[in-house]
Amino acid sequence: MEGKIETQTMDAMPEGKEGSSVKIKVLFFARARDLTGLSEMPMEVSSGSSAHDCLNDLVAKFPSLEEIRGCLVLALNEEYTTESAIVGDKDELAIIPPISGG
Amino acid sequence: MESNGRDAFRILHELDSLRAAKADIDSRISALEAELHHATLQNGVVPNGSSPVISTAIDSLLSDHHDHNLTPEMIHRYSRHLLLPSFGVQAQSNLLNSSVLVVGAGGLGSPALLYLAACGVGRLGIVDHDVVELNNMHRQIIHTEAFIGRPKVKSAAAACRSVNSTVQIVEHQEALRTSNALEIFSKYDVIVDATDNAPSRYMISDCCVVLGKPLVSGAALGLEGQLTVYNYNGGPCYRCLFPTPPPTTACQRCADSGVLGVVPGIIGCLQALEAIKIASVVGEPLSGRMLLFDALAARIRIVKIRGRSSECEVCGEKSTFTQQQFREFDYEKFTQSPLSPSPLKLNLLQADSRISSKAYHDRVANGEAHVLVDVRPAHHFKIVSLPKSLNIPLPSLEARLPEISSALKEEEERKGAGSDLSAQLYVICRRGNDSQRAVQSLHKMGFTSARDIVGGLESWAQDVDPNFPTY
Ligand SMILES: [Zn+2]
């Protein structure tokens, strides 16, 4: 019950104080690694940001990521997530496109 | 010469006497075995028989005393499995009664097939339509040099039989299509996807959903690998995870991007492991989880993936995907890539903007003033290149135009010595696709006479210099 009350209180407040942000780590796999040239990258987003917002930021930074945007698995802290999930401080967001080779 | 003859005579004589001694020892071994055989029959003692003579003799004894169907030879062959408390007689018996189909006898399929044959799967099917090539050998360890040019299925089947002649090996020497997949898959309990292209992966997953078969899916490229089990215990299918196929540009192949041989080897071994777990009904198969292998960082991550999607077009609640629809589905159109990946052959240019490798060779031989730009990536250029070619990788072409201009000018000065001769500009790449793209942009940027060499370095090797290395 307590959890519920807390959530409601949070919802009643304006989302994320101005200027507050969270630091996350983005992990790139397979084609995402080729396109960005990175295997991981720290990223700062405003608190309350969703995985979707993070992806938008990433595509803005690396436009070629658009190529795989429609075909990837997102994992937040090693668990499947949807784009609507809110990222928290120190979270790990993994971007996993499929590999076809063999 | 004389002493050589004497040596040969001495050696032949010694060989004769050794052979005689060996025959004597063999007959004494047989006599002792027979004696032991009688002794065990009388005393009811079961030796841990390594001799086939004894094993066959005590078959009846074993079948009388145990409630499993393992023959003495099986007990001996699989003894290390039987000794595992968490595997044992039950799991081995399950394995021996199971059938596994491996689609693809390449980098993933090689170790998967060898382990599946060795471990005692009852029936093991192999699907492949390719032939063994020299540039397969660094990773497709099931094949030997003697099989180069021959079907991979034949080669893989021979290797599996030589590892374990008691396993039934079934050869499906054909490309997997919607027309034959249902019939082939329906004969097996577990399917292993060891293919190398997107349309096959969708087709195999859909076929497994339609037939209700567990699918052990592995993939490897470069220095990374992925592994998961689809369509098992309420877990997702391939389409639940990837409802939209990747764009063709994102579908890389080992033939283009390269792969460290041992990487598919590791994933293929893990595929064998997952198939063994499912077939023998032990442990927790990798369903609802995906293993990500990063060879360079020496790191394995296991990520929880989504469960079955109720929205999935093939396995979802509302789905009505039937065998008939499967047969009619166009996987090549769906993924916009061919089921049997062959090198892309673009045709972007007019004929007068192209030149054959032979014609180019003749012009070079005639001393024509020209510049040859090689637009392959730098690490390709390091493997092999034509003499005096200038390496400007395609992505940096625009930024490095001044280099081309000055190379042309230099060549004109060198050859022309004052006359207003203009040097020709040729572009080459590995297979003749990127060279066309490069010539297209060169035309736009004012180099209107630029031409590409049809078929690239591969055609050079084929039509001009057979000793030129191909990769
Ligand atoms: Zn599905």
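All values derive from a computational prediction rather than experimental measurement. A, B, ... follow the sequence lines: proteins, then strands. Residue 1 opens every chain.
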**OP:** Mind checking salt bridge (charged side-chain N to carboxylate O under 4.0 Å, His left out) for B/Arg177 and listing every partner two or more places apart, or none if nothing turns up?
**Re:** none

Subject >> Heavy-atom pair with the smallest gap, counting every atom of B/Leu108 and A/Gly101 >> reply: CD1-O, 4.1 Å

Original post:
Among A/Pro97, A/Gly102, A/Gly70, A/Ala94, which has the most heavy-atom pairs under 4.5 Å with chain B?
Top reply: A/Gly102

Original post:
Where on B/Thr244 is there a heavy atom nearer than 4.5 Å to chain A: the side chain, the backbone, both, or neither?
Top reply: both

Original post:
Does CD in A/Glu83 sit with more than 12 non-hydrogen atoms of other residues, nucleotides or ligands closer than 6.0 Å?
Top reply: yes

Subject >> Member of B/Val303, B/Ile305, B/Leu241 meeting the side chain to side chain contact (heavy atoms under 4.5 Å, CB included) criterion with A/Ile96 >> reply: B/Val303

Original post:
Does a side-chain heavy-atom distance below 4.5 Å link A/Arg33 with B/Leu223?
Top reply: no

Subject >> A/Glu92, CD: over 12 other non-hydrogen atoms inside 6.0 angstrom >> reply: yes

Original post:
Residue by residue, which of residues 72-79 of chain A have a heavy atom closer than 4.5 Å to a heavy atom belonging to chain B?
Top reply: A/Leu72, A/Val73, A/Ala75, A/Glu78, A/Glu79

Original post:
Given a strict heavy-atom distance threshold of 4.5 Å, which part of B/Pro245 is in contact with chain A: side chain, backbone, both, or neither?
Top reply: backbone

Subject >> ring-ring contact (aromatic ring centres under 6.0 Å, His included) against B/His129, all qualifying residues, sequence neighbours excluded >> reply: none

**OP:** Quick one: list whatever passes salt bridge (charged side-chain N to carboxylate O under 4.0 Å, His left out) with A/Glu44, sequence neighbours left out.
**Re:** none

Original post:
Side chain, backbone, both or neither: which part of A/Glu66 has a heavy atom under 4.5 Å from chain B?
Top reply: neither

Subject >> Over 12 foreign heavy atoms within 6.0 Å of OH, B/Tyr115 >> reply: no

Subject >> Spacing of CG belonging to A/Asp34 relative to CD belonging to B/Glu224, to within rounding of 0.5 Å >> reply: 7.5 Å

Original post:
Could you give the distance from CG (B/Asp294) to CG (A/Leu27), rounded to the nearest 0.5 Å?
Top reply: 10.0 Å

Original post:
Hey, is CD on B/Glu398 packed in by over 12 heavy atoms from elsewhere, all under 6.0 Å?
Top reply: no

Subject >> Distance in Å, B/Gln226 CD paired with A/Phe29 CZ, rounded so as to fall on 0.5 Å steps >> reply: 9.0 Å

Subject >> Proximity breakdown for B/Ile267 and chain A, heavy-atom pairs closer than 4.5 Å >> reply: neither

Subject >> Under 4.5 Å from any heavy atom of chain A - which part of B/Arg306 >> reply: both

